[in-house]
Each structure stands twice: as structure tokens, then as C-alpha cells.
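In what follows, chains carry the letters A, B, and so on, assigned in the order in which the sequence lines appear, proteins first and then strands, with residues in each chain numbered from 1.
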Protein chains: 2
Amino acid sequence: MQISSRFTIAVHMIICIEAFKDTHKVTSEFIASSVNVNPVVIRRLLQQLKKAGIVEVKRGSGGADIARPLDEITLLDVYNAVESVDNGVLFHFHENPNQLCPVGRNIHAIMDSRLQEIQTAMEEKMRAMTLSEIMEDANRLLEL
Amino acid sequence: MQISSRFTIAVHMIICIEAFKDTHKVTSEFIASSVNVNPVVIRRLLQQLKKAGIVEVKRGSGGADIARPLDEITLLDVYNAVESVDNGVLFHFHENPNQLCPVGRNIHAIMDSRLQEIQTAMEEKMRAMTLSEIMEDANRLLEL
DNA sequence: TATGGATGTATCAAAGAAGATTACAACGAT
DNA sequence: ATCGTTGTAATCTTCTTTGATACATCCATA
């Protein structure tokens with residue numbers, strides 16, 4: 001099973017907001033056209049990014065902006081903002097292992113810390129990547 | 001979005017097969033009772049684990065066994081055996097970014113290597129965990 | 001060699017998640 | 001007051017996972 005496209009869309013959105021901030025009013029419609037999804041999908045994600053303090057969205061006049069310095073936004077921040085469900089637990093566990101079986105009774109004790117370690121390895125890698133690095137690469141490619 | 005329970009079920013299955021190998025005929029029915037899912041789910045996973053060379057399954061007489069030494073089976077092997085879809089790519093990308101937009105045109109060039117790095121971090125952590133370590137912990141808890 | 005317990009696998013149903021789409025109230029700059 | 005935009009609800013479609021039933025195939029053994 002894959003991690004949903006909300007994460008990659010959110011990063012795409014942030015790059016758009018930053019890249020076009022001086023030349024366009026970056027509305028949900030504008031971003032939706034770049035990502036190629038429905039504007040409502042963008043607005044929903046904008047709300048999640050806003051709740052996480054990553055972007056600001058202007059009602060009425062319209063348009064989105066980045067809310068804090070890009071080097072203080074990590075990929076993990078973005079991931080948690082838009083992808084965090086199930087209490088942030090990455091691995092779905094089968095719900096009702098048989099408590100009458102020694103294995104069923106102990107499977108969580110055996111596995112939970114290891115699963116957490118794996119998830120943490122992934123999260124630490126994400127935490128090490130900031131949006132400012134990403135925008136540096138983006139700017140090289142975009143030739144705006 | 002979470003990684004499906006197939007992975008944790010598969011690990012549970014392997015622990016069962018190993019833990020009960022001397023005292024029970026470990027059939028799909030038997031495992032299903034410990035995991036608490038439908039036996040067909042177990043059989044489907046057994047087939048995937050078998051294709052990966054992790055278990056052997058006896059037709060006719062019934063029962064499953066581990067196919068190679070536990071210290072040569074890593075959590076990554078199990079994960080890839082049962083969870084690998086979409087060419088093993090963890091992050092789902094939005095399908096059709098707008099090629100007329102500089103950001104849409106370059107989003108893969110900007111993101112792909114970073115996403116791969118994150119996925120690799122997770123996979124390396126899984127590769128470092130063997131089923132023999134897990135069985136050591138399990139045996140301590142199971143008191144069989 | 002017939003039998004009975006298992007596996008291998010197809011098929012369909014049920015449930016949940018993601019994303020698309022429509023609709024519209026609320027907002028705020030002008 | 002208007003107009004473009006946001007915020008959000010509601011509905012629909014599609015996809016994936018898991019559950020469940022059914023049954024042909026297999027193989028040890030009685």
C-alpha cells in the first residue's frame with residue numbers, strides 16, 4: 001500500500017506558492033491547474049497546511065503565502081500536516097489477535113518497538129530535508 | 001494512509017510457524033485462529049511468502065514450514081514479499097502534473113531522489129532486523 | 001485405491017479511503 | 001453592493017483491502 005498523493009501534492013503546492021509569489025496571485029484554482037487536480041482538493045490541503053502553521057490563506061481577496069521561513073519547514077512537517085491519520089502510526093496492525101494463543105497475546109510486545117523504530121528512521125530522514133533546500137533545487141530547474 | 005496489515009500478519013504467521021513447529025501441524029486454519037482472520041487470507045499470504053522463498057507449504061497433508069534459516073530472513077524480505085505493489089514505490093505521486101507549468105514539469109526532477117532516499121532509510125532499517133532476533137524476543141515472552 | 005483433511009485459487013460481497021465534482025454560504029478588497 | 005475567492009458540506013466513483021463461500025486439486029494413509 002502506498003502513502004497517498006496528498007504528501008507530494010502538498011510539496012508541489014508549497015513550491016508553487018513560493019515560486020510564483022511575486023508574479024501571480026496564487027489561488028487554489030491556480031495551484032490546481034499546476035498540480036492537475038480539482039481545486040477543492042487544493043483547498044482542503046491548504047486548510048491542513050494552514051492548521052500546521054505552514055501557509056497563510058487569504059479569504060475574500062484570495063491567494064496563499066508561506067507562513068514561516070522555508071528553512072524552518074521540513075518534509076516531516078508537511079507529511080504530518082496532510083498525511084497524519086491513525087495517530088500517526090504507519091503500520092496497520094491486525095485488530096484482534098487471539099489472546100488465547102501465546103503468539104497472539106504477545107505479538108504487540110514483540111513487534112511494536114521495532115515498527116516504531118522503522119517509522120522513526122523514515123521520519124528522521126524527512127526531518128532532515130527542509131523546504132529551503134528543495135526550493136534551491138527547484139529554482140535551478142525552473143529558470144524563472 | 002497506512003501500510004496494510006498484511007505485513008504485520010505475515011510476521012505473526014512466521015512466528016507461529018516457528019513457535020509451534022514441534023507441537024502442532026501449522027495449517028492455515030491454525031494460523032488464522034491465532035491471527036484472528038479468515039483462513040483464506042492466511043493462504044494467500046502463505047503463497048506470497050512461498051514465492052519469496054520464505055516458507056514451504058505442504059499440499060495434501062497440510063502445514064507450513066520456514067524455508068531458510070531465520071537469520072537469513074529480514075523484515076524487508078517479508079515486507080517485499082507481501083506488501084510490494086506499485087513497483088515497490090512507497091510514495092504515490094499525483095498522476096498528471098501540468099507540463100505547461102514550470103513546477104509541474106519539474107516536480108519529479110525535484111522530488112524523486114528525495115522520496116527514494118526516505119524510502120531507502122526505511123528499507124535499510126527493515127533489512128537490519130532479522131527474524132532470528134525477533135524469535136529470540138518471542139521465545140522469551142512465549143514461555144512455551 | 002478410496003478417503004479425508006488441506007491447499008490453491010476463483011469469485012463475489014462488504015467496507016473504507018481517496019479523489020472528483022457540484023454547490024453554496026461567508027468573506028473582504030474595491 | 002459586487003465579484004472573485006475561500007471554507008466546507010454532500011454526493012459519487014473508483015480502488016484497495018479484507019471477508020466469505022465454493023470447489024477442484026493434492027497427498028498421506030488407512
Side-chain angles (χ1 to χ4, degrees), chain A residues 1-10 12-13 17 20 24-33 35-52 55-65 67 82-87 89-97, chain B residues 1-10 12-13 16-17 20 24-33 35-52 55-65 67 82-87 89-98:
Chain A
M1 198 187 274
Q2 286 183 304
I3 289 168
S4 85
S5 62
R6 283 203 300 277
F7 175 54
T8 51
I9 293 178
H12 187 144
M13 288 168 61
I17 293 170
F20 295 111
H24 296 73
K25 178 164 75 167
V26 186
T27 65
S28 62
E29 194 89 31
F30 180 92
I31 300 173
S33 150
V35 177
N36 205 13
V37 296
N38 195 284
V40 173
V41 172
I42 301 298
R43 286 186 218 145
R44 281 197 281 244
L45 287 171
L46 278 176
Q47 290 311 306
Q48 296 189 272
L49 293 172
K50 181 176 146 190
K51 284 200 185 79
V55 305
E56 281 164 358
V57 190
K58 290 198 220 21
R59 288 203 71 155
S61 54
D65 286 292
V82 303
E83 198 73 38
S84 179
V85 271
D86 313 294
N87 294 316
V89 176
L90 181 61
F91 295 96
H92 182 35
F93 226 103
H94 42 297
E95 305 288 348
N96 298 305
Chain B
M1 197 191 271
Q2 285 184 305
I3 288 168
S4 86
S5 61
R6 282 202 301 277
F7 175 54
T8 51
I9 292 179
H12 186 144
M13 289 168 60
C16 269
I17 294 169
F20 296 110
H24 296 73
K25 178 164 75 167
V26 186
T27 64
S28 61
E29 194 90 32
F30 181 91
I31 302 173
S33 150
V35 177
N36 206 13
V37 296
N38 194 285
V40 174
V41 172
I42 301 297
R43 286 186 219 145
R44 281 197 283 241
L45 288 171
L46 278 176
Q47 290 311 304
Q48 296 188 273
L49 292 172
K50 181 176 146 191
K51 283 199 186 80
V55 304
E56 281 164 358
V57 189
K58 290 200 220 18
R59 289 203 71 154
S61 52
D65 286 293
V82 303
E83 196 73 39
S84 179
V85 272
D86 314 293
N87 294 314
V89 176
L90 180 61
F91 294 97
H92 181 37
F93 226 103
H94 42 298
E95 304 289 345
N96 298 303
N98 185 350

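- As rounded to whole Å, 12 Å separates atom P of D/dT5 from atom CZ of A/F30.
- Spacing between atom CD of A/Q2 and atom C1' of D/dT14 amounts to 16 Å, rounded to whole angstrom units.
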What does the B/S/- profile of nucleotides 21-28 of chain D look like, 5' to 3', with a 4.0 Å heavy-atom cutoff to protein?
BB--BBSS
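- Between B/N36 atom CG and D/dA20 atom C1' the separation is 15 Å, expressed in whole Å.
- Between A/S5 and C/dA18, a side-chain N or O to OP1/OP2 separation shorter than 4.0 Å is absent.
- Look at CG on B/L49: it is 12 Å from P on C/dG8, rounded to the nearest Å.
- Counting only heavy atoms from C-beta outward, the side chains of B/M13 and B/I42 approach each other to under 4.5 Å.
- With hydrogens and angles ignored, the 3.5 Å screen pairs a side-chain donor or acceptor of B/T8 with a backbone N or O of A/H92.
- The listed nucleotides are C/dT7, C/dA20, D/dT18; the one nearest the side chain of B/S28 is C/dT7.
- The side-chain heavy atoms of B/I17 and B/L46, taken from C-beta on, include a pair separated by under 4.5 Å.
- The shortest heavy-atom contact between A/V82 and A/R6 is O-NE, 2.9 Å.
- Side chain of A/V41, nearest nucleotide from C/dG19, D/dT17, C/dG8: C/dG19.
- Listed candidates were D/dG19, C/dA20, D/dG4. Nearest to the side chain of A/V37 is C/dA20.
- In terms of modelled atom types and a separation under 3.5 Å, the side chain of B/E29 and the main chain of B/P39 share no donor-acceptor contact.
- Both B/K50 and A/I9 lie near DNA chain C, and the one whose nearest nucleotide falls closer to the 5' end is B/K50.
- For C/dT9, one of the phosphate oxygens OP1 or OP2 lies less than 4.0 angstrom from a side-chain nitrogen or oxygen of B/Q47.
- Of all nucleotides listed (C/dA6, C/dA18, C/dA20), C/dA18 comes nearest to the side chain of A/R6.
- Atom CZ of A/R44 is separated from atom C1' of D/dA10 by 10 Å (rounded to the nearest Å).
- Distance A/N96 CG to D/dT18 C1': 14 Å, rounded to the nearest Å.
- Each of D/dT6, C/dG19, D/dG4 was ranked by its minimum atom distance to the side chain of A/S4; first place goes to C/dG19.
- Rounded to an integer number of Å, the gap from NZ of B/K58 to P of D/dT29 is 11 Å.
- Of the possible polar contacts, none joining the B/K50 side chain to the B/A64 backbone as a donor-acceptor pair under 3.5 Å is found.
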Decide side-chain contact (heavy atoms from CB on, under 4.5 Å) for B/V55 and B/L45; before the verdict, give the C-alpha distance in whole Å, the side-chain angles of both, and the deciding distance to 0.1 Å.
CA-CA 10 Å; B/V55 304; B/L45 288 171; over 6 Å; no
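- The interatomic distance linking B/E95 (CD) with C/dA18 (P) rounds to 15 Å, in whole Å.
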